[in-house]
Structure formats: C-alpha cells, structure tokens
Amino acid sequence: METKTKKPDLRVKKTKRLIHNAVATLMKEKEISSITVKEVAEMADINRKTFYNYYANVGQVVSEIEDKVVEALDSTMRDIDLRMVMHNPSGVFQKLIEVMNRNPEISSCLMEMNSNVSLVTKIADEIKARAGEHYIGQVSISRERLDLILEYEFNGMFSAFRKWFNSDRSLSLEEISHDISLIAIQGFGGFVKG
C-alpha cells in the first residue's frame with residue numbers, strides 16, 4: 001500500500017504566521033513576559049482556543065521563531081569556511097543580516113530586545129557546535145577546553161554584533177568585523193599602543 005506524504009496544511013501555516021506576526025508586533029511594545037495569549041489572539045484575529053491548538057504559551061512562539069532564524073542561518077552558512085571566522089567574522093555577520101532581512105520585522109524584534117539574549121545564544125551555540133567539530137582534530141587541547149574557548153569567542157562575537165545591530169551603525173560591518181577578529185587573534189592587546 002502506497003503512503004502519501006502529508007503536506008503542511010496551508011491554513012496551519014497561515015495561522016502560525018499570524019501568531020508570529022502578532023507576537024513580533026507586541027514585542028515592540030512590551031517584554032515577552034508581559035504579553036498575554038489573549039493579546040496575541042486578538043491581534044492575530046483568532047480565538048484563544050486556536051492559539052492553544054499550536055502553542056502552550058507565548059514563550060513557545062518566540063522559541064519557534066528563534067529556531068526558524070537559526071535554521072535558516074545554518075542552511076545559508078554551509079559555504080562559510082569556519083577556519084576563517086576567527087580571522088574575519090564578516091561573512092557570518094553578512095549571512096545573519098541576509099537571514100534577518102527575509103523576515104525583518106520579526107528578526108529585528110528578537111535582536112533589538114534588551115532582555116532577550118536567547119536568539120543570540122542559539123546562533124552562537126549553533127556555530128560553536130559546528131566550529132567545535134571542525135577544530136577538535138586540529139588542536140592539542142581537550143574538547144572541554146576547546147568548548148570553553150569557543151564559548152568565550154563566539155558569545156563575545158555575537159554580543160558585539162547585537163550591540164552594533166542595535167546601534168546607529170555609524171561603524172561599518174567591515175570595521176566591527178576587523179575589530180572583533182583582532183580581539184579574537186590578539187586579544188585586547190591588539191589595540192594597545194606599544
């Protein structure tokens with residue numbers, strides 16, 4: 001007997017998109033913890049029961065949105081040479097901006113929120129995991145030490161990107177990429193005049 005692969009229901013996709021957009025709009029006005037399901041349902045023009053058919057709470061919606069951004073970033077980063085990220089992170093930053101531009105309202109909300117570091121953490125974790133797999137055979141330190149070093153490097157890198165993203169962007173992406181790579185390679189001493 002032949003089984004048919006089930007295509008996602010267009011109504012489900014549309015409803016989820018309405019919920020995502022409603023949450024993104026509300027995130028511009030208030031903290032995630034203050035957003036109620038009732039507000040999301042009203043803004044999405046659905047009833048609360050419909051919301052609960054897909055999500056347990058607003059946090060689950062935000063997490064799904066973040067996961068989609070990370071998934072999209074991961075698929076666009078397959079051609080990035082991880083060896084070069086420490087020397088020049090601009091390729092990763094360009095890819096991140098490209099992914100965010102696909103759904104700018106939602107992505108920028110997630111990046112702009114001062115209290116929401118979850119997206120940045122998910123992005124950094126994804127790249128750290130890939131970098132760890134790449135570097136483990138090339139370094140003479142334990143995996144535990146490598147993980148600590150990558151934690152420091154990539155969390156700092158993406159926190160700096162987030163700060164730049166939320167700024168007036170008077171510095172170019174190339175300038176911040178240069179500064180971040182200098183710190184990654186030489187530490188803060190790379191800026192100290194000798």
Side-chain angles (χ1 to χ4, degrees), residues 3-78 80 92-133 147-148 150-167 169:
T3 59
K4 293 182 181 179
T5 55
K6 192 175 182 181
K7 290 185 178 180
D9 188 337
L10 291 177
R11 290 173 297 171
V12 171
K13 289 172 102 173
K14 180 182 176 190
T15 302
K16 284 188 161 195
R17 187 172 48 251
L18 289 169
I19 292 169
H20 287 187
N21 289 337
V23 169
T25 301
L26 290 165
M27 283 170 39
K28 290 179 180 177
E29 301 167 9
K30 52 173 60 178
E31 295 291 320
I32 294 170
S33 59
S34 301
I35 299 172
T36 66
V37 171
K38 181 180 182 209
E39 291 172 314
V40 174
E42 286 174 0
M43 186 164 283
D45 200 24
I46 60 172
N47 61 47
R48 287 172 49 182
K49 184 176 185 267
T50 302
F51 178 93
Y52 286 118
N53 283 339
Y54 303 107
Y55 303 102
N57 54 48
V58 175
Q60 193 176 28
V61 178
V62 174
S63 184
E64 182 175 277
I65 294 168
E66 291 171 345
D67 290 346
K68 285 184 177 211
V69 171
V70 171
E71 186 180 300
L73 178 63
D74 186 50
S75 69
T76 62
M77 284 190 53
R78 291 203 171 100
I80 294 279
V92 173
F93 295 157
Q94 288 289 356
K95 294 287 184 185
L96 182 55
I97 289 172
E98 186 181 305
V99 166
M100 292 173 68
N101 284 341
R102 290 183 199 155
N103 201 336
E105 184 163 300
I106 291 174
S107 298
S108 63
C109 276
L110 293 171
M111 288 295 283
E112 289 171 8
M113 290 183 58
N114 291 329
S115 63
N116 183 24
V117 295
S118 182
L119 177 62
V120 174
T121 302
K122 285 181 180 182
I123 291 168
D125 286 349
E126 181 68 27
I127 294 174
K128 281 186 291 195
R130 291 181 68 220
E133 294 305 314
D147 287 345
L148 285 171
L150 293 175
E151 180 82 14
Y152 176 82
E153 290 292 338
F154 285 106
N155 282 349
M157 186 182 296
F158 283 102
S159 289
F161 173 81
R162 183 171 181 246
K163 186 164 182 73
W164 170 81
F165 184 86
N166 292 325
S167 72
R169 301 187 195 173

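Note that the coordinates shown come from a computational prediction; the quantities given were computed from them, not determined experimentally.
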Partners meeting salt bridge (Lys or Arg N to Asp or Glu O under 4.0 Å) with Glu29 (sequence neighbours left out): none
Counterpart residues, side chain to side chain donor-acceptor pair (under 3.5 Å), relative to Gln60 (two or more places apart): none
Gap between atom CG of Leu26 and atom CD1 of Ile32 - 0.5 Å precision: 11.0 Å
Approximate separation, where rounding is to 0.5 Å, of Arg11 CZ and Lys14 NZ: 11.0 Å
Exercise: identify the closest heavy-atom pair between Ile35 and Val23: CD1-O, 4.3 Å
Nearest-0.5 Å distance that lies between atom NZ in Lys16 and atom CG in Asp9: 11.5 Å
Result block: side-chain N/O donor-acceptor pairs under 3.5 angstrom for residues 48-56, not counting sequence neighbours:
from	atom 1	to	atom 2	distance (Å)
Thr50	OG1	Asn47	OD1	2.9
Tyr55	OH	His20	NE2	3.1
Tyr55	OH	Glu64	OE2	2.5

Asp45 side, atom CG; Leu18 side, atom CG - distance, nearest 0.5 Å: 8.0 Å
Salt bridge (Lys or Arg N to Asp or Glu O under 4.0 Å) partners for Lys68, two or more places apart: none
Partner residues of Ser33 under the side-chain contact (heavy atoms from CB on, under 4.5 Å) criterion, sequence neighbours left out: Glu31
Closest non-hydrogen atom pair between Leu150 and Lys128, with its separation: O-CD, 3.5 Å
Test side chain to side chain donor-acceptor pair (under 3.5 Å) applied to Ser34 - qualifying residues, sequence neighbours left out: none
Val58 and Thr36, any side-chain heavy atoms less than 4.5 Å apart: no
Whether Thr25 side chain and Asn21 backbone form a donor-acceptor pair below 3.5 Å: yes
